[in-house]
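Heads up: the structure comes next, in structure tokens.
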Amino acid sequence: MKQNLLDDIQNLLLLGAGPSGVAPNTYHAMSRNVLGHLDPYFLKIMAEIKHGLRELFGTENKVTVPLSGTGSIGMEAAFVNVIEKGDKVLVLENGVFGNRMEDVASRLGAVVTKEEFEWGTPVVPARVKELLEQDHYKLVAIVHAETSTGVCNPVEEIGRMVHEAGSLYLVDCVTSLGGIPVEVDKWHADIAYSGTQKCLSCPPGAAPITFSDAAMQVIENRKTKVPNWYLDMNMLTHYWRGATRVYHHTAPISMMYGLYQALYNILEEGKENCFARHMAAHRRLVEGLERIGLELFVAPEFRLPDLNCIVVPEGITDKEIISELRDNYSISISAGLGPMAGKILRVGLMGYNATETNADRFVSALEEILRAHGCLAEKAA
Ligand SMILES: Cc1ncc(COP(=O)(O)O)c(C=O)c1O
């Protein structure tokens, strides 16, 4: 290696679907001296991480820990621990991540019913009620904040129904934790997971997850062993809990320092203040986009504040916008995923970067690009 590529990494403003910007003190935290994974001081840090995660997840669940890996490991861990071959699973799908859930559950031999809802609109509780009356499912799964469309699903209302039906309830909170309220206990959610690289404003690499006592009982009483050694919660809990800690796998120490600092930052700001900051940045963004005549993909009442989807205007492609923003304005945003590719742009106002100033900086850059291409709507031109 002749030249160190790391010397030339651009300082981009990350306003995509994740990873989001990282606070300087979180970067600093990750450069601290590495301790052993069973060192008593590191155990203290672990205890605080569990406490912070319970606070943000809105839960008293004893088993609330970060897994080693990105958000998808949270999804894998959720299904692999509770599902056994032949179990019935209902996946409520209105985007890419609902589809991923179906894939993960099917690979474990679950009998999956995937109910599809129109992308860009939320899951419809009345339809879920019908499905729960028609059949009994071991597990019902939904994505709280669907990152592929920018829709927030009515997880609380659906949680009540799932609870009454006596099924386990799994909620993906990857794009919601830390940005909008998450209330695992109030929603009757049995399992919820997230990722560090969205509203927690930490680099990608850990997946916070929480299991209710009911979910843990199901895991403890499985007929067969959890088919994935690394993610077996029966074993992992011996490292994360209890008086005598037992090595399972080497914790990613520096990642844990980063997560600790990210949680510290949010709780110091106050989680309600943090949610309000996300909402203020979102409102500012929407005002700016409307001023320059752009259309948002999702109706106002279903929009996520932290992930905004803009319909690509006529006369320019998503690729042109994304590359000009990056090369000329040092702003990184995301393209549409799957069937939304080419149709929408995804703009994240997540964590550290969720500010009105960043919303303004993005809108004015976008306005200049659209003006230069002659495709600003008339009233804005
Ligand atoms: C809603 C949702 N679930 C799961 C994932 C998967 O997370 P990761 O890419 O960190 O593995 C993502 C990633 O964007 C997501 O947005």
Side-chain angles (χ1 to χ4, degrees), residues 14-22 53 56-57 66-80 91-105 107 114 117 119-120 122-123 141-155 158 169-180 182 184 187 189 191-210 228 230-231 252 255 258-259 262 278 297-298 302-309 332-341 344-351 353-354:
L14 297 181
L15 297 184
S20 64
V22 175
L53 290 179
L56 276 195
F57 270 125
L67 300 174
S68 312
T70 64
S72 302
I73 214 79
M75 191 186 286
E76 289 273 3
F79 284 104
V80 83
V91 175
L92 305 168
E93 180 271 325
N94 59 345
V96 166
F97 295 100
N99 279 326
R100 188 175 295 183
M101 283 177 151
E102 182 207 15
D103 191 5
V104 171
R107 286 167 193 241
K114 181 177 74 167
F117 298 84
W119 287 31
V123 167
I142 189 169
V143 177
H144 182 206
E146 188 36 91
T147 326
S148 59
T149 61
V151 166
C152 186
N153 277 318
V155 288
I158 291 169
Y169 188 37
L170 165 60
V171 185
D172 174 314
C173 296
V174 171
T175 294
S176 50
L177 195 74
I180 57 176
V182 167
V184 163
W187 300 344
I191 313 172
Y193 59 85
S194 189
T196 42
Q197 77 276 23
K198 309 264 184 185
C199 298
L200 297 181
S201 252
C202 195
I209 194 162
T210 184
N228 183 309
Y230 198 73
L231 298 175
M255 190 67 223
L259 177 57
H278 280 80
F297 179 57
V298 177
F302 308 127
R303 277 178 202 156
L304 287 169
D306 55 325
L307 198 279
N308 302 272
C309 293
S332 171
I333 65 162
S334 301
L337 265 188
M340 302 316 296
I344 58 171
L345 299 165
R346 294 181 301 147
V347 181
L349 289 168
M350 297 182 185
N353 282 347

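Along the sequence shown, residues are numbered consecutively beginning with 1. Read the numbers this way: they start at 1 and go in the same order the structure lists the ligands and their atoms.
Looking at Asn228 and Phe79, their side chains never come closer than 4.5 Å, going by heavy atoms from C-beta outward.
By the 3.5 Å distance cut-off applied to N or O atoms, Arg100 is not counted among the residues near ligand 1. Considering both main-chain and side-chain atoms, Gly71 comes within under 3.5 Å of ligand 1 through a nitrogen or oxygen pair. Here's the thing with Ser72: one of its N/O atoms is less than 3.5 angstrom from an N/O atom of ligand 1.
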Trace of the side-chain contact (heavy atoms from CB on, under 4.5 Å) decision for Lys198 with Asp306: CA-CA 9 Å; Lys198 309 264 184 185; Asp306 55 325; 5.9 Å; no
Verdict with reasoning, Phe302 to Thr149, per side-chain contact (heavy atoms from CB on, under 4.5 Å): CA-CA 10 Å; Phe302 308 127; Thr149 61; over 6 Å; no
Test side-chain contact (heavy atoms from CB on, under 4.5 Å) applied to Val96 and Trp119, step by step: CA-CA 9 Å; Val96 166; Trp119 287 31; 3.7 Å; yes
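Not a single heavy atom of Glu146 sits closer than 4.0 Å to an atom of ligand 1. Residue Gly95 places no heavy atom under 4.0 Å from ligand 1.
Protein heavy atom in closest approach to atom 14 (O) of ligand 1: Lys198 NZ, 2.6 Å. Closest protein heavy atom to atom 10 (O) of ligand 1: Gln197 NE2, 2.6 Å. In terms of protein heavy atoms, atom 16 (O) of ligand 1 is closest to Thr147 OG1, 2.4 Å. Counting protein heavy atoms only, atom 12 (C) of ligand 1 is closest to Phe97 CE2, 3.2 Å.
The two atoms that bring Phe57 and Cys173 nearest to each other are CE2-CB, 4.5 Å, heavy atoms only.
Under 4.0 Å from ligand 1, not a single heavy atom of Pro204 appears. Residue contacts with ligand 1, taken as heavy atom pairs separated by less than 4.0 Å, involve Asp172 solely via side-chain atoms from C-beta onward.
When the options Val184, Ile142, Asp172 are evaluated for a side chain to side chain contact (heavy atoms under 4.5 Å, CB included) with Val155, the one that passes is Ile142.
Under a 3.5 Å cut-off, the side chain of Glu146 and the backbone N or O of Phe97 do form a donor-acceptor pair.
For ligand 1, the atoms sitting less than 4.0 Å from at least one non-hydrogen atom of Thr175 are 16 (O), numbered in the order shown with element in parentheses. Within the listing of ligand 1, atoms 1 (C) sit less than 4.0 angstrom from a heavy atom of Ala145. Annotation for ligand 1: atoms under 4.0 Å from non-hydrogen atoms of Val143 are 1 (C).
The distance from atom CG of Leu349 to atom CG of Leu304, rounded to the nearest 0.5 Å, is 11.5 Å. Taken from CG in Leu67 to OG1 in Thr196, the straight-line distance is 11.0 Å, to the nearest 0.5 Å.
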